[in-house]
Colleague: 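Before I ask anything, let me first share the structure, which is written out below as structure tokens.
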Amino acid sequence: MELLFKFFLLSLFIFLPLKANSNISEQEIKKLIGQTIILGFEGDKLTTSLKKDIKKYNLGGVILFDKYYKSKKTKNIKNPKQLKKLISDIQNYSDYKMLISIDQEGGWVSRLSSKNGFTKTPKASHISKKGTIFAKKVYQNLAKELNNVGINLNFAPVVDLSINPKNKVIVYQGRSYSKDPAKVVKYSKIFIEEMNKKNIISVLKHFPGHGSSLKDSHEGFVDITKTWKKEELIPYKKLINSKHAKMIMTAHVFNKQLDKKYPATLSSNINNFILREKMNFKGLVISDDLQMKAITKQYSLKKTLELAINSGVNILLFGNQINNQKIKLETIVNTVYELIQKDKIKLSDIRKSNKLVKDLSFFL
């Protein structure tokens, strides 16, 4: 009898993580997980696969690309009319407001190309040389164009400092406004304010700074320990304090000064302690694309998801864009669900992220 009682107590202990979620169904949990994911998809129309992801898992949002990475093959965007219909079809099919996202910084990183009938937007380094009146006009036009087609989330502005002239991914491409933090803040505010007027969310990137790197995280491991400077945090701090920061994107950069083991996207010290606690950021943290080689070469999908969510990342971004990698929403959701059941991830963190997403949706 005593042996049976001990076995009963042991059983309770083993299954406690499952029991803690007993008041919510498996499918409800999976929909909560789905709401925290932005996914890239195939095609320039609303597909059967995307419909399933929306209805079955409450997919939080999509990211749109004009073409595939390092390829001229068309992906989601052909022209303004087609794009507007695609986005309208997605929003009309969904029972909730979805995040429709894009990388439209201007210059090198422009998914809305003038070749496809969209307005050409200059790169950040050019804009900061032309002055604030010019910047305001450019970003007014950009915000209007994004709003007209239905995009409500823009992965810009870049608030990285152009402090390393050998940096190819930010500085060489002219994606930074300046090496001067004050100048970066000034032009970033103009960008954000013009987006706000059209109910478009701006995403500051790439925390805690990518402008000092020597390599590209698309291609592999990037160590900025020896090149990174504390002043790279200034734009974030200033924009958080001035209430301009609703969402911040993490960088897949490794910095021993800030975390001796993990890159920023997977670092609790960087996201939870530095960004949340020390810098008092209350908004959403989104990962950079989790299919970049800086992550995939080092970590399995399961480990990536566990570390990212536990590090304080609220929205997981999978572009389905790099090197023909394809990952299904179902796979991501089931993996996170399994981690919750094994008590590797807290359901309360997923709920917290859902609340932040819901709070943001009131802005849209």
Side-chain angles (χ1 to χ4, degrees), residues 36-38 60 99 101 153-161 163 170 176 181 184-185 188-189 191-192 201-213 217 222-225 227-290 292 294-295 299 304-317 345-346 348-357 359-360 363:
T36 68
I37 297 164
I38 289 179
L99 297 173
S101 68
L153 178 61
N154 191 3
F155 294 124
V158 170
V159 299
D160 298 320
L161 305 183
I163 56 179
I170 302 295
S176 170
V184 169
V185 170
S188 294
K189 280 184 178 180
F191 185 102
I192 294 164
I201 300 153
S202 301
V203 181
L204 312 185
K205 60 186 187 184
H206 309 79
F207 190 80
H210 211 317
S212 57
S213 65
S217 54
V222 178
D223 190 341
I224 60 171
T225 303
T227 56
W228 185 83
K229 294 179 174 59
K230 285 185 179 179
E231 67 189 69
E232 294 184 58
L233 294 176
I234 294 174
Y236 293 97
K237 183 61 177 172
K238 296 283 188 184
L239 291 165
I240 290 169
N241 289 347
S242 64
K243 310 297 183 185
H244 282 80
K246 287 185 174 68
M247 193 181 296
I248 292 176
M249 177 180 280
T250 63
H252 301 327
V253 292
F254 176 73
N255 186 345
K256 272 186 184 177
Q257 297 179 57
L258 305 179
D259 192 307
K260 296 186 182 301
K261 190 173 182 181
Y262 298 117
T265 299
L266 309 181
S267 169
S268 182
N269 189 59
I270 292 173
N271 300 324
N272 281 325
F273 180 64
I274 296 174
L275 182 56
R276 292 280 188 205
E277 292 186 30
K278 292 189 72 175
M279 299 176 73
N280 200 33
F281 179 60
K282 303 295 185 185
L284 276 157
V285 175
I286 183 169
S287 72
D288 205 340
D289 190 348
L290 290 171
M292 289 183 183
I295 298 297
Y299 306 95
T304 295
L305 293 170
E306 178 185 343
L307 291 170
I309 293 168
N310 288 332
S311 80
V313 171
N314 304 115
I315 297 183
L316 306 161
L317 175 61
I345 289 172
K346 295 177 181 177
S348 59
D349 285 339
I350 304 298
R351 288 183 183 276
K352 189 186 300 180
S353 293
N354 269 255
K355 184 182 183 304
L356 287 170
V357 171
D359 290 345
L360 194 70
F363 173 80

Colleague: Hey, what do you get for CG (Asp349) to CG (Asn354), rounding to the nearest 0.5 Å?
Modeller: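 One gets 11.5 Å once the value is rounded to the nearest 0.5 Å.
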Colleague: Over all heavy atoms of both residues, which pair between Ser267 and Asp259 is shortest? Give the atoms and the distance, please.
Modeller: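 Answer, listing the atom of Ser267 first, then Asp259: OG-OD2, 2.6 Å.
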Colleague: To the nearest 0.5 Å, tell me how far Lys246 NZ sits from Leu356 CG.
Modeller: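 Nearest 0.5 Å value for the NZ-CG distance: 13.5 Å.
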Colleague: Who are the side chain to side chain contact (heavy atoms under 4.5 Å, CB included) partners of Lys237, not counting sequence neighbours?
Modeller: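 Checked Lys237 against side chain to side chain contact (heavy atoms under 4.5 Å, CB included); matches are Asn241, Met279.
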Colleague: Donor-acceptor pair, Thr225 side chain versus Lys256 backbone, under 3.5 Å?
Modeller: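 Such a contact is found between Thr225 side chain and Lys256 backbone.
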Colleague: Can you tell me how far CG of Leu316 sits from CG of Asp289, rounded to the nearest 0.5 angstrom?
Modeller: 11.0 Å
Colleague: Distance-only, no hydrogens or angles: does the Ser188 side chain make a donor-acceptor pair with backbone N or O of Val185 under 3.5 Å?
Modeller: no
Colleague: Going by the side chain to side chain donor-acceptor pair (under 3.5 Å) test, which pairs reach into residues 227-236, not counting sequence neighbours?
Modeller: Ser212-Glu232
Colleague: To the nearest 0.5 Å, tell me how far Asn255 CG sits from Asp223 CG.
Modeller: 7.5 Å
Colleague: For residues Leu275 and Ile240, determine if any side-chain heavy atom of one lies less than 4.5 Å from a side-chain heavy atom of the other.
Modeller: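 In contact.
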Colleague: Checking Lys346 now: which residues fulfil side-chain hydrogen bond (donor to acceptor under 3.5 Å, both in side chains) with it, not counting sequence neighbours?
Modeller: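 side-chain hydrogen bond (donor to acceptor under 3.5 Å, both in side chains) check on Lys346 returns nothing, list empty.
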Colleague: State which residues pass side-chain hydrogen bond (donor to acceptor under 3.5 Å, both in side chains) with Thr36; sequence neighbours excluded, sorted by chain then number.
Modeller: none
Colleague: Could you tell me the separation between the CD1 atom of Ile309 and the OG1 atom of Thr304, rounded to the nearest 0.5 Å?
Modeller: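 Rounded to the nearest 0.5 Å, the CD1-OG1 separation comes out at 10.5 Å.
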Colleague: Applying ring pair (Phe, Tyr, Trp, His ring centres under 6.0 Å) as the test, list every pair that has at least one member in residues 267-290; sequence neighbours left out.
Modeller: none
Colleague: Would you find a donor on one side and an acceptor on the other, under 3.5 Å apart, between the side chain of Asp160 and the backbone of Ser176?
Modeller: no
Colleague: Compare every heavy atom of Val313 with every heavy atom of Ser353, then report the nearest pair and how far apart it is.
Modeller: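 That closest heavy-atom pairing would be OG-O, 4.4 Å.
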Colleague: Apply ring pair (Phe, Tyr, Trp, His ring centres under 6.0 Å) to Phe155 and list each qualifying residue two or more places apart in sequence or on a separate chain.
Modeller: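 Per chain and number, Phe155 pairs via ring pair (Phe, Tyr, Trp, His ring centres under 6.0 Å) with no residue.
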Colleague: With sequence neighbours excluded, what pairs up with Lys260 under the side chain to side chain contact (heavy atoms under 4.5 Å, CB included) test?
Modeller: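 Side chain to side chain contact (heavy atoms under 4.5 Å, CB included) list for Lys260, sorted by chain: empty.
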Colleague: Holding to side chain to side chain contact (heavy atoms under 4.5 Å, CB included), I want the full list of residues that pass it with Asn272, two or more places apart in sequence or in another chain.
Modeller: Ser268, Arg276
Colleague: What distance separates Met292 CE from Thr265 OG1, expressed to the nearest 0.5 Å?
Modeller: 8.5 Å
Colleague: Between Ile170 and Ser213, is any pair of side-chain heavy atoms under 4.5 Å apart?
Modeller: no
Colleague: Could you check whether any side-chain heavy atom of Ile201 comes within less than 4.5 Å of a side-chain heavy atom of Leu284, counting everything from C-beta outward?
Modeller: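 When only atoms from C-beta onward are counted, Leu284 and Ile201 do not touch, as no gap falls below 4.5 Å.
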Colleague: Quick one: does His206's side chain get under 4.5 Å of Val253's, heavy atoms only?
Modeller: no
Colleague: Among all residues two or more places apart in sequence or in another chain, which pass the side chain to side chain contact (heavy atoms under 4.5 Å, CB included) test with Ser242?
Modeller: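 Residues passing side chain to side chain contact (heavy atoms under 4.5 Å, CB included) with Ser242: Lys189, Leu239, His244.
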Colleague: With sequence neighbours left out, write down each residue that passes side-chain hydrogen bond (donor to acceptor under 3.5 Å, both in side chains) with Asn269, or none if nothing qualifies.
Modeller: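 So Asn269 forms no side-chain hydrogen bond (donor to acceptor under 3.5 Å, both in side chains) with any residue.
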Colleague: Just so I know, are the side chains of Asn314 and Val357 near enough to count as touching, which here means a heavy-atom distance under 4.5 Å?
Modeller: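 No; the side chains remain at least 4.5 Å from each other.
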Colleague: Taking all heavy atoms of Ile192 and all of Ser202, pick out the closest pair and write down the distance.
Modeller: CA-OG, 3.7 Å
Colleague: Does any non-hydrogen side-chain atom of Leu153 lie less than 4.5 Å from one of Ile38?
Modeller: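 Counting from C-beta outward, Ile38 and Leu153 do come under 4.5 Å.
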Colleague: To check you understand the geometry: which heavy-atom pair defines the closest contact between Ala264 and Ile270, and what is its length?
Modeller: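 That closest heavy-atom pairing would be CA-CD1, 3.6 Å.
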Colleague: Between His252 and Ser287, is there a donor-acceptor pair closer than 3.5 Å when you use the side chain of the first and the backbone of the second?
Modeller: no
Colleague: Please enumerate all residues that pass salt bridge (Lys or Arg N to Asp or Glu O under 4.0 Å) together with Lys355, with sequence neighbours excluded.
Modeller: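 Once residues adjacent in sequence are excluded, the partners of Lys355 under the salt bridge (Lys or Arg N to Asp or Glu O under 4.0 Å) criterion are Asp359.
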Colleague: So do the side chains of Pro208 and Ile274 get within less than 4.5 Å of each other, counting heavy atoms only?
Modeller: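 No, their side chains stay 4.5 Å or more apart.
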Colleague: Is there a side-chain contact between Ile295 and Leu266, using heavy atoms and a 4.5 Å cut-off?
Modeller: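 Ile295 reaches Leu266 side chain to side chain.
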Colleague: Show the nearest heavy-atom pair for residues Pro235 and Val159, with the distance to one decimal.
Modeller: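 Pro235 and Val159 have their closest heavy atoms at CG-O, 3.7 Å.
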Colleague: Under the rule for side-chain hydrogen bond (donor to acceptor under 3.5 Å, both in side chains), what residues qualify as partners of Lys352, not counting sequence neighbours?
Modeller: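 Expected list: none.
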Colleague: Output yes when a side-chain donor or acceptor of Ser101 lies under 3.5 Å from a complementary backbone atom of Asn154, and no otherwise.
Modeller: no
